[in-house]
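The residues of the chain are indexed from 1 along the displayed sequence.
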Amino acid sequence: MKRPPIDELFFELYGYYPEKAGQGFEMLVAAALKLLAGRDMPYGNAGDEQLGSRDGMRTSTEENDQGGISKITLRMLMHVAEYEQGEFSIVFTDDGYAQLAQQEPEGIEITSEMEEFYDAGGNVAATLDELGDLVAAGTTGEDDFMAIGTWMLIGKYFKYKGRLYGVRGVEYSVPVRAIKYVVVIEGTGRANLFVKSESGEMDKLVKYVDLRTAAFTGGKVIQV
């Protein structure tokens with residue numbers, strides 16, 4: 001059975017063919033995203049057309065004189081919530097506020113302590129990292145913006161000086177950056193990560209990897 005050119009490229013890099021014809025494309029893309037940007041992208045369910053339109057991603061391929069694949073280019077737009085530069089305010093329950101006011105009648109200023117929230121048993125139930133993921137998820141557009149809202153934490157607790165205080169949520173104002181990435185996969189197996197310059201006139205190479213250091217198992221990519 002004649003294999004698609006992309007699968008031939010996959011074979012040249014890894015020494016075996018993908019299970020499904022044409023699957024080499026999404027497997028190479030998944031490997032590049034994992035090694036270059038730390039992004040996990042499952043493979044095995046999406047065709048080239050579907051793959052090229054999801055997650056703000058556009059793809060294109062170039063062929064050499066022999067009809068093989070010489071280059072794959074991915075253009076992506078990723079939204080990154082920079083919660084380190086954000087402003088936050090905990091909304092306590094009535095009981096939590098009353099207990100805290102009794103403990104600290106002059107009030108407190110909460111800064112670095114606001115990293116984790118707990119369940120009633122004192123186990124970590126949510127972290128501030130999750131807020132960053134929630135703010136960035138599902139956003140659209142190519143411009144930076146300020147995300148403003150409330151992260152609901154009903155039933156969770158804030159720990160201060162070893163004691164738990166009930167909270168309702170966290171009011172936040174977080175800057176979100178829209179970052180344009182370009183990933184170029186070369187026929188040699190080298191994958192390059194470019195980021196758009198501030199002027200938008202040129203791409204800056206920030207990282208490159210050898211895709212041969214990727215392995216595929218259980219629909220995911222790992223680095224070996």
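Checked against a 6.0 Å centroid threshold, the rings of Y97 and Y165 do not count as neighbours. Ring centers of F10 and F25: at least 6.0 Å apart, outside the cut-off.
F158 and Y160 have parallel rings, their planes meeting at less than 30° on a 0 to 90° scale where 60° marks the start of perpendicular.
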(request) Go through the steps to decide whether M76 and V183 satisfy the test side chain to side chain contact (heavy atoms under 4.5 Å, CB included), and finish with yes or no. (result) CA-CA 8 Å; M76 299 177 293; V183 174; 3.6 Å; yes

(message) L74 vs V29, test: side chain to side chain contact (heavy atoms under 4.5 Å, CB included). Steps then yes/no.
(response) CA-CA 8 Å; L74 301 86; V29 169; 3.1 Å; yes

(message) As a quick check of understanding, evaluate side chain to side chain contact (heavy atoms under 4.5 Å, CB included) for T127 and E115, giving each step before the final call.
(response) CA-CA 6 Å; T127 68; E115 293 289 339; over 6 Å; no

(request) Give the intermediate values and the outcome of side chain to side chain contact (heavy atoms under 4.5 Å, CB included) for residues D40 and K34. (result) CA-CA 6 Å; D40 290 313; K34 178 65 174 181; 2.9 Å; yes

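Under a hydrophobic-cluster definition in which Ile, Leu, Val, Met, Phe, Trp and Tyr are linked whenever side-chain heavy atoms come within less than 4.5 Å, directly or via other members, L100 and F88 are assigned to the same cluster. Linking Ile, Leu, Val, Met, Phe, Trp and Tyr residues whenever their side-chain heavy atoms come within less than 4.5 Å leaves I179 and Y208 in two separate clusters. Side-chain heavy atoms closer than 4.5 Å link hydrophobic residues (I, L, V, M, F, W, Y) into clusters, and following such links, even through other members, never connects Y157 to V167.
Distance CD1/I148 to CD/E171: 11.0 Å, rounded to 0.5 Å. Between atom CZ of residue F117 and atom CG of residue L153 there is a gap of 5.5 Å, rounded to the nearest 0.5 Å. Note that the CG atom of N192 and the CG atom of L36 stand 7.5 Å from one another [nearest 0.5 Å]. Rounded to the nearest 0.5 angstrom, I185 CD1 and I69 CD1 are separated by 11.0 Å. Separating the CD atom in Q23 from the CZ atom in F216 is a distance of 9.5 Å, to the nearest 0.5 Å. Distance check: E26 CD to T59 OG1 gives 11.0 Å after rounding to the nearest 0.5 Å.
When all heavy atoms are compared, the tightest approach of M27 to Y43 is CG-CD1, 3.6 Å. Contact detail for A191 and A32: the closest heavy-atom pair is CB-CB, 4.2 Å. Closest non-hydrogen pair, S173 versus P175, comes out as O-CD, 4.1 Å. Shortest non-hydrogen contact noted between L77 and A178 is CD1-CB, 4.0 Å. When all heavy atoms of Y14 and L211 are compared, the pair lying nearest together is OH-O, 2.5 Å. Scanning all heavy atoms of the two residues, the minimum distance from F92 to G166 falls at CD2-O, 3.4 Å.
Relative to the ring axis of Y118, K159 places its NZ or CZ within 45° and under 6.0 Å from the centre.
Here the side chain of D119 pairs a donor or acceptor atom with the backbone of G122 at under 3.5 angstrom. Looking only at distances, a side-chain donor or acceptor of S70 sits under 3.5 Å from a matching main-chain atom of E62. Although no hydrogens or angles enter the test, the distance criterion places no donor-acceptor pair under 3.5 Å between the side chain of R75 and the main chain of V182. Of the possible polar contacts, one joining the K207 side chain to the L35 backbone as a donor-acceptor pair under 3.5 Å is found.
Contact check for D144 versus V176: no side-chain heavy atoms found under the 4.5 Å cut-off. Looking only at side-chain heavy atoms (C-beta outward), T61 and I6 stay at 4.5 Å or farther from each other.
Pairs of residues two or more places apart, or lying in two chains, that qualify as salt bridge (Lys or Arg N to Asp or Glu O under 4.0 Å) and include a residue from residues 180-189 are E142-K180.
When the side chain to side chain contact (heavy atoms under 4.5 Å, CB included) test is applied to Y17, the partners found at least two apart in sequence or on another chain are R3, D7, E8, F11. Under the side chain to side chain contact (heavy atoms under 4.5 Å, CB included) criterion, L13 pairs with L9, L28, R212, not counting sequence neighbours.
Annotation: E63, atom CD; neighbour count of heavy atoms from other residues, nucleotides and ligands within 6.0 Å is above 12. For CD of Q223, the number of neighbouring non-hydrogen atoms (other residues, nucleotides, ligands) closer than 6.0 Å is greater than 12. Counting heavy atoms of neighbouring residues, nucleotides and ligands inside a 6.0 Å radius, atom CD of Q85 exceeds 12 of them. Around CZ of R177, the count of heavy atoms belonging to other residues, nucleotides or ligands within 6.0 Å does not exceed 12.
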